[in-house]
Amino acid sequence: MSAALSMTAPALRQASLLRLLTCGSVDDGKSTLLGRMLFDSNAVLDDQLEALDRDSKKFGTHGEHRDFALLVDGLSAEREQGITIDVAYRYFSTPRRSFIVADTPGHEQYTRNMATGASTAELAIILVDARKGILPQTRRHSFIVSMVGVRHVVLAVNKMDLVGFDQAVYDNIVAAYREAVVALGFESIIPIPLCAREGDNIAMPSPRTPWYHGPHLLGYLETVTIDEAPAQAQRLHFPVQWVNRPNLDFRGYAGTIATGTVRVGDRVTVLPNQRHSTIARIVTADGDLPHASAGQAITLTLADQIDVSRGDVIVHQASAMQARKNMTARVLWMVDQPLRPGQNVIIKLGAVEANADVMTLRHAVDIHSFRDHPAESLPMNAIGVVDLAFDKPIPTTVYGRDRELGSFILIDRMTNQTVALGTVEENRPKQANDNGHVVPRLIGRTGSSRRRHFWASVGRKAVEAGVLFLVVATLAQSLWLALAVTVADLLLRPVADRVATWGWRHLFAGHRPSITGGHAD
Amino acid sequence: MNWFRTTVGIDANRHGPARPGHPHQHHAATQHQDRSTHSDTRTSVRTLTHLQRLEAESIHIFREVVATCDNPVLMYSVGKDSAVLLHLAIKAFYPAPLPFPLLHVDTTWKFREMIEFRDRRAKELGCKLIVHINEDGLRAGVNPFASGSRLHTDVMKTQGLKQALDRHKFDAAFGGARRDEEKSRAKERVFSLRSAEHRWDPKNQRPEPWHLFNTRKRAGESFRVFPLSNWTESDIWDYIAQEAIPVVPLYFAKPRPVVERDGMLIMRDDDRMILRPGEQIEMRSVRFRTLGCYPLTGAVESEAATLSEIIEEMRDSRSSEREGRLIDHDGSGSMEQKKQEGYF
């Protein structure tokens, strides 16, 4: 245990908070690493250690050694299978900092759990087994982490003991990783050689890696500063979460500031209705404030009596933010039943809930090669880019500018399950770029099922028309009559079809189930 | 829906920040503001302290429930976590009164000081307090000595809680559980969906990315909501000190009559506890790290009589707070089992 991390905290800590996640595959030793970090920061207490030693004998995979993974693998099912199947949150602190760690599962079938854990993280520890190097799953983990906006990565090269603490092995892995993720644009990648089980480079520099001169893991996590403010983030985005109206004299708008700073006297606009007013008070239970910033939960009052409700967003008058009825977004699908274009779901973005139609699935993203490829549906754990249309305008912005109002979940309206998480790519849906503008909207994009259906029906119609033409021509011995009948059939049949459908619907309104039943027979 | 009786205390709050018993609040807020003035070009999240971030996130959760559920309730168990929970709830809806009642499931074996404290706080704050006792269990004579800790907890606490939630048709119940308390809680969601039978399905939990909570549910289903999910024991005490939140005096050391039984120090709170042969009551300086039913709650020997002494003692401590809880020792996976059956 490190002396540097011993607990000599002052009575009242003013420490900062770092949220991170650990990701890696089952065998990379992720839970062991996390258990080790808890142990080395004194977060594991005597009675828990006793329980650990008891459990190590019962479930442990390390013989007589303490199995640190058992400190963090909580649910009975996980212990029996020896894997981590859900996001677990772990807490520890050093005198300098408090940490919230999302411990996420590595298996591909738990990609959704990993994305969930990553969504609030500021830094990711990506584990690699030194014997195996960069694997497809390393690329996948890196991609998901970058998708939800994590900009800082620690590449933890674990199990260095099993490659004899060989610098060449380590250097190769680091170089291969940097090359593999160059497209993901991480701001920092800090590689560290580790042996989690025995504690090398976790809480103090390891004597077994004399060639390594970088920081040890806990030391780095304690001191890293994460400046996650792009310039645009200074613009005020205040989603109204709840209207506070205890009596006729007070009407306040409660919420948490997503980005920027608000001051008393600021001229503001309320989206989506574009009404203007001035900030009168910033109310908190600790007294009114002159100004407040991102992350603070406050209540605003306005100088004018205008209609504001839950889901509205208060922005500065100069703000570029807009309320939109459609957008392009990147989604991660999270349930068994795949996503298909045409599907209707509920979107929750900020404090807004609305109906959303999935208009098009532009493409899926291969999470190993990071390349786009055409797709007709998204299975569970797949990522794709979709165009969404809403039944009411939603104030939103690009994810890179605002993590709170650029992210959303999709909910199944029948089961109430959360079926997807997503990030706003851009506000205005671009038309598909490979097919011009009008054509893909009418007949679907190249390779899509809509396009195939289109060509199939064109073919069927051509065959039908040809047969009709030949039959009439043979019977009536007149080419002109045959042509006229064929054209009339082509034009009139759709019309007759529509009239018939309309007739059915009106005659049998209220009896629709029996009609469907009849069709099915 | 006004759960508050109009009291002088609440009216006083509406007109200014100075609240009796909260001397540090205004000062702390002012300090923070001064700091952020100079750092306008940087993201201001960085200037919030650890506790300020936790507080804001908890307030966000409270507001989300009140905005989306019909009939919430705050499960008030009188302990330190409940004290923080209640304090945050009042902050979240200020200047409006608390928009939901408090519910205490009384097993009839709580420390007398807890009950006194509960009634006094509810009165001071003007909150509506519902006390529920499982009368069936009482009639059946269930008690921690004769029935054992497991049956007692199940009948008086778990079943009692279900009865109360069903009787009042609450569709969301706030609880003070923290993820750092116990291993199986580390994976519990902030919004935990329960079936109409109050069962928890660990395999079917809804993902909670960012701060987006799926608050949709079917008729009969309800949520357990845990605004303190991301707090640790140490955060709780730091916050109690920072905000000067009143807590039950049992947390502070003082000479109390205790009996050593099964390796634990049990405080004999009333004469329902019959001494076994050889046992004798001693006056020792003790305090409690968690509070529950007195026959099931072990005291720790301590001299820590003030908040700062408690915080110091906890930092030096080498055992977890739940060590003093008899009900957690029924086997390593036992809490998970209880939760699936509907234990809070």
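Numbered from 1 within each chain, the chains take letters A, B, ... in sequence-line order.
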Who passes ring pair (Phe, Tyr, Trp, His ring centres under 6.0 Å) against A:Tyr89, sequence neighbours left out?
-> none
Using heavy-atom distances under 4.5 Å, tell me whether [X] contacts chain B through its side chain, its backbone, both, or neither.
{"X": "A:Ile100", "result": "side chain"}
{"X": "A:Asn416", "result": "both"}
{"X": "A:Ile257", "result": "neither"}

Set of side-chain hydrogen bond (donor to acceptor under 3.5 Å, both in side chains) partners for A:Glu404, sequence neighbours left out = B:His211
Determine whether the aromatic ring centres of B:Phe93 and A:Trp242 lie less than 6.0 Å apart.
-> yes
Do the charged groups of B:Asp235 and B:Arg178 touch, with an N to O distance under 4.0 Å?
-> no
With a 4.0 Å cut-off, would you call B:Glu57 and B:Arg63 a salt bridge?
-> no
I would like to know whether B:Arg206 and A:Thr418 meet side chain to side chain donor-acceptor pair (under 3.5 Å); could you show each step before the answer?
-> CA-CA 6 Å; B:Arg206 293 173 178 177; A:Thr418 303; 5.0 Å; no
Greatest number of non-hydrogen atom pairs under 4.5 angstrom with chain A, of B:Thr215, B:Asn230, B:Leu193, B:Ile59, falls to B:Asn230
Max heavy-atom pair count under 4.5 Å with chain A, selected residue of B:Glu312, B:Glu208, B:Glu64, B:Glu55 | B:Glu64
Among A:Thr301, A:Asp288, A:Thr299, find the one that has a side-chain hydrogen bond (donor to acceptor under 3.5 Å, both in side chains) with A:Arg281.
-> A:Asp288
For B:Ser229, is it the side chain, the backbone, both, or neither that has a heavy atom closer than 4.5 Å to a heavy atom of chain A?
-> backbone
B:Arg189 portion near chain A, given a 4.5 angstrom heavy-atom threshold = side chain
For the candidates A:Ser119, A:Ala118, A:Ala297, which exhibits the highest count of non-hydrogen atom pairs separated by less than 4.5 Å from chain B?
-> A:Ser119
When A:Thr120, A:Asn244, A:Thr256, A:Val148 are compared by non-hydrogen pairs under 4.5 Å with chain B, the top option = A:Asn244
